[in-house]
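Order of appearance sets the numbers: ligands from 1, and atoms from 1 within every ligand. Position 1 is the first residue of the sequence, and the numbers go up from there.
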Amino acid sequence: MTSSTSPHANPLGPWISGVVAAGAGLAAGEIAAIPVSPDASPYFAVGSSVVDHSPEAVREWAIETFGAADKVALFLGMGLLIAIIAAVAGSLEHRRPPVGSLLIAVFGGVGVVAALDRPGAVWTHALPSVIAAAVGVVVLRILVAQCRSGQYEEQSELRVGVNGNAPLTRRFILTAGGVSVAAVALGVIGRRMLADTAETLADRARLMLPRPVRPAPPVPEGTRLDVDGVTPFVTDNDAFYRIDTALQVPTLTTAGWRLRIHGDVERAVVLSWDDLLAMPMVERYVTLACVSNDVGGDLIGNARWLGVPMRDVLDLAGVRPGADLLLSTSADGWTCGTPISAIADGRDALLAVGMNGDPLPVEHGYPVRQVVPGLYGYVSATKWVVDWEVTRFSEAEAYWTSRGWSALGPIKLSSRIDRPDPGRYPAGEVVIAGTAWAQHTGVDRVEVRIDGGEWRPADLAAEYSVDTWRQWRYVWQAAPGDHVVEVRAIDRLGRPQVERYRPPAPDGATGLDERRYTIT
Ligand SMILES: Nc1nc2c(c(=O)[nH]1)N[C@H]1C(S)=C(S)[C@@H](COP(=O)(O)O)O[C@H]1N2
Ligand SMILES: [Mo]
């Protein structure tokens, strides 16, 4: 195509310059973080800060919308946002230098602040962000300069690209392409080295767990109802929900693991893996639930946990009178406050090392986590636990309680319809089934209500223990029409589930799960 008019500057060049510069900077940041710490990676430091500082409403919306994929959504969202800002930086650098460079420097500043804000950060954690910004600025200036000179070269040749814009010069394309390839390669290598789980996985693969002195009683036949589509009594490890603030999974090994116990104790103690394994272990089925689990949600699972009673471990240090809170901290600085009463009252609160017969999966807290029957995960289930401070509720707050969630988090009585999926079914027998839970109290009854009528009893599977969920089934003689099916549970103390809907914050959702069916 030829044209007699002089071509406009191509906006694509500066945009690409900005995006490539940002990519190069981020890749440099990953590489620079290798000798410092995975927490110092600018991208992950900023991501973690977003997680830690986002308003409750945003966090809830993210969990609600993306569930266990919330981390992937965050990474993609951040990537998109960075790309847009970087394109703007490129455009600004082209039109009004050095405004684009300054914008990239500001980016670096955000990385520095975020990296220093991570738990346990020292000043060197700022370096990768500084290096990232420097690399970003240099690449931006080189590419924008090439765009600018290219504009004149191409104009003299009177070649015109799409929309009458000057085409990108060969030199620009080669430089931008080369930098991109290098950035992707270095970024991938950097990420691999930072998120190096090899040592942890090898450690886990070698691990032989001890036998429990008190094994979990076998699961009787009657605990499982023979109904397709009902949630299995035991949740497989790879199907178990995962909720945590860790954008990079802490990579610990048994040899390096320590639990420091201090605070209001008779004597401070440091426990090693061998110390822990020398203690008698028990095995228990416990149904873990997340406080963010909305009515009908799936942030709940039941596993067979192997571990040492937390009370035995606390007794090594000796709790001083007056202390009522165990503040536990994970390797990545997440904190959790558990009432000492729940650890000492005889329930099976475990410092767990095994899940369904295997060592804990890395995402579920390898090598050691807490499991406390009856309490939501945010006040009980610290994964990658490394520190216990015995203290008081009047003196300490934990990660979620400082963000407005309730200090006490007993799991609320709840029930869920698992099958059949909403939709159209022929008139006649329709088997409705699901799960109900009231950890550490026990589910006594489950009832079903059709179209707001009478509550009718459902059949219940046998109770394994008060700490595990219970399957239920209701055989419905369905007549043609549109119907609403609701479920409620009644606990061992005779209390029915709260019918009024309340969202998860600040202490767990209430309300009844319901499904709509069209019977033909
Ligand atoms: N280190 C750490 N432990 C944690 C969390 C966390 O963010 N970091 N989240 C808690 C929450 S809110 C829940 S519900 C459970 C979930 O445990 P799971 O991922 O093994 O299902 O872990 C708890 N332990
Ligand atoms: Mo949770």
Side-chain angles (χ1 to χ4, degrees), residues 39 47-48 51-52 54 56 59-60 62-64 67-71 74 118-120 234-252 257 259 286-294 297-305 307 310 326-338 349-356 358-388 398-412 414 437 439 469 503-509:
D39 292 342
S48 297
V51 169
D52 288 355
S54 50
E56 262 323 293
R59 194 194 77 92
E60 248 168 82
I63 289 192
E64 185 110 329
D70 56 348
K71 294 182 177 69
L74 173 72
R118 297 282 77 221
V234 181
T235 315
D236 288 339
N237 289 357
D238 49 16
F240 209 94
Y241 81 95
R242 175 189 169 193
I243 288 288
D244 54 59
T245 59
L247 294 183
Q248 316 193 72
V249 196
T251 47
L252 309 183
W257 180 82
L259 178 67
V286 176
T287 301
L288 202 69
C290 181
V291 69
S292 298
N293 194 39
D294 213 333
D298 58 4
L299 300 177
I300 176 164
N302 183 44
R304 194 173 87 240
W305 307 96
M310 286 171 69
L326 177 65
L327 187 72
S328 53
T329 307
S330 66
D332 61 343
W334 183 82
T335 54
C336 169
T338 311
L350 299 182
L351 201 49
V353 297
M355 184 175 182
N356 290 326
D358 284 325
L360 292 176
V362 180
E363 313 77 50
H364 293 289
Y366 187 83
V368 185
R369 74 168 306 165
Q370 299 172 191
V371 175
V372 183
L375 302 183
Y376 286 123
Y378 81 105
V379 288
S380 70
T382 311
K383 305 191 273 189
W384 315 289
V385 62
V386 294
D387 190 283
W388 277 6
Y399 188 94
W400 288 118
T401 52
S402 68
R403 288 165 173 77
W405 292 76
S406 169
L408 298 176
I411 297 177
K412 289 186 175 159
S414 194
W437 56 91
Q439 286 93 321
W469 57 12
D507 60 1

Consider every N or O of [X] and every N or O of ligand 1, then say whether any pair is closer than 3.5 Å.
X: Val291; value: no
X: Thr245; value: yes
X: Arg242; value: no
X: Ala381; value: yes

Any donor-acceptor pair under 3.5 Å linking the side chain of [X] with the backbone of [Y]?
X: Thr235; Y: Asn302; value: yes
X: Asn237; Y: Met355; value: yes
X: Trp305; Y: Val286; value: yes
X: Lys383; Y: Ser330; value: no
X: Asp387; Y: Ser328; value: no

Do me a favour and list the nearest non-hydrogen protein atom to [atom] with residue, atom name and distance?
atom: atom 19 (O) of ligand 1; value: Lys383 NZ, 2.5 Å
atom: atom 17 (O) of ligand 1; value: Arg369 NH2, 3.1 Å
atom: atom 4 (C) of ligand 1; value: Trp334 CZ3, 3.5 Å
atom: atom 9 (N) of ligand 1; value: Ile243 O, 3.3 Å
atom: atom 13 (C) of ligand 1; value: Gly377 CA, 3.7 Å
atom: atom 21 (O) of ligand 1; value: Tyr241 O, 2.6 Å

What is the ring orientation for His364 with Phe240, classed by angle as parallel under 30°, tilted 30 to 60°, or perpendicular over 60°?
perpendicular
Which of the ligand 1 atoms, numbered from 1, are nearer than 4.0 Å to a heavy atom of [X]:
X: Phe240; value: 21 (O)
X: Cys290; value: 14 (S)
X: Ser330; value: 1 (N)

Heavy-atom proximity to atom 12 (S) of ligand 1, best of Tyr378, Trp405, Tyr376:
Tyr378
List the steps, then state whether side-chain contact (heavy atoms from CB on, under 4.5 Å) holds for Gln370 with Leu375.
CA-CA 11 Å; Gln370 299 172 191; Leu375 302 183; over 6 Å; no
Under 6.0 Å from the six-membered ring centre of Tyr399 and within 45° of its axis: does the NZ or CZ of Arg403 meet both?
yes
Presence of salt bridge, Asp507 and Lys412, under 4.0 angstrom
yes
